[in-house]
Amino acid sequence: MRLYTHPACLQHDPGLGHPESPARLRAVLEALDDPRFAQLERVEAPRATREQLLRVHEPAYVESIYNNAPETGSLRLDPDTVMSPASLEAAERAAGAVCAAVDAVLADQTARAFCAVRPPGHHATPDAAMGFCIFNGIATGAAHALETHGLGRVAILDPDVHHGNGTQDIFRREPRVLYLSSHQMPLYPGTGARNERGLGNVVNAPLPPLAGSREFRAAWDEILFPALEDFRPQLLLVSAGFDAHRLDPLAQLQVGAEDYAWITRRLCDLADAHAQGRVVSVLEGGYSLEALRESVAAHVAELMKTAST
Ligand SMILES: [Zn+2]
């Protein structure tokens, strides 16, 4: 199994006191710097190309990010999303990691990959930065799988506590992509109601504040995984946000690391059954460093287990 990351992702600085801090990725990398993860094959994340980004973002938006990226100081893209001088490269590499990981699993170089990158991506829409996100990395990777590798069925699983409005927006009229999300509602960004179905390729399972392990697992077991089985995906992509954890300061769900191990085991079983085991997981949210450490370790440990163990 491969681990994609890049030092530039540690340099993206949204400012003092911002919850999406470089300390998050440091915590993730520290958690994976443990003997039980010694077998991870560490790979430097490449930059996404403009061609890759333009499959999911409007040309005017991509140009504005490249043209306005600050050389000093900072640029506020929306109330929550800030670019520092290192942010453009970080965002390019965060999206490029997913494309490279997709290439690797589809070339059978590895069955699974985890992209330890930031900024996150799932709120970024075709034409706007939003909610800490600049480029939508998971969407860029999904579009890459469709257009470069000719896949016809790519599933995106999004257990981040926030609804991935950007990913839903990008693919709501794309029947080759199935988008599945569990998230707290009400919560930022306010989308993700059950009746948002796209062409039938979008399935949302909103959860009320304070819902915990039982409700989280039921949403996946009763609503989201059955939709995934029906779709018979050729590739699974995971928007791996760990902010549904009970320690997370930005939301009120009560999920624990054992639930992240559970969902990972289940999705790997489904990948083994339908998609030759192929899973590419990408870090999205998660704002408690303690929760991130234990949840990422649980997630990656399950991803590393092969079908036979
Ligand atoms: Zn989130």
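Predicted, not measured: the structure shown is a model, and the values here were computed from it. Ligands are counted one by one from 1 in listed order, and the atoms in each one are counted from 1 as well.
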Given the Zn ion (ligand 1) as the apex, I'd like the angle to OD1 of Asp160 and ND1 of His162, rounded to 10 degrees.
100°

Go through the steps for Ser181 and Val203 under the test side-chain contact (heavy atoms from CB on, under 4.5 Å), then give the verdict.
CA-CA 7 Å; Ser181 177; Val203 185; over 6 Å; no

Side-chain H-bond candidate by donor/acceptor type, His122 with Asp158, under 3.5 Å:
yes

Contact check: His122 to the Zn ion (ligand 1), N/O/S below 2.8 Å
no

Can you name the N/O/S atom of Asp243 that is nearest the Zn ion (ligand 1)?
OD2

Hydrophobic clusters join Ile, Leu, Val, Met, Phe, Trp and Tyr when side-chain heavy atoms are under 4.5 Å apart, directly or via other members; which others share one with Tyr61?
Leu53, Leu54, Val62, Ile65, Tyr66, Leu75, Leu77, Met83, Leu88, Ile134, Phe135

The remaining residues in the hydrophobic cluster of Met130, counting side-chain heavy-atom contacts under 4.5 Å among Ile, Leu, Val, Met, Phe, Trp and Tyr, are Tyr188

Restricting to N/O/S atoms, is Glu284 within less than 2.8 Å of the Zn ion (ligand 1) or not?
no

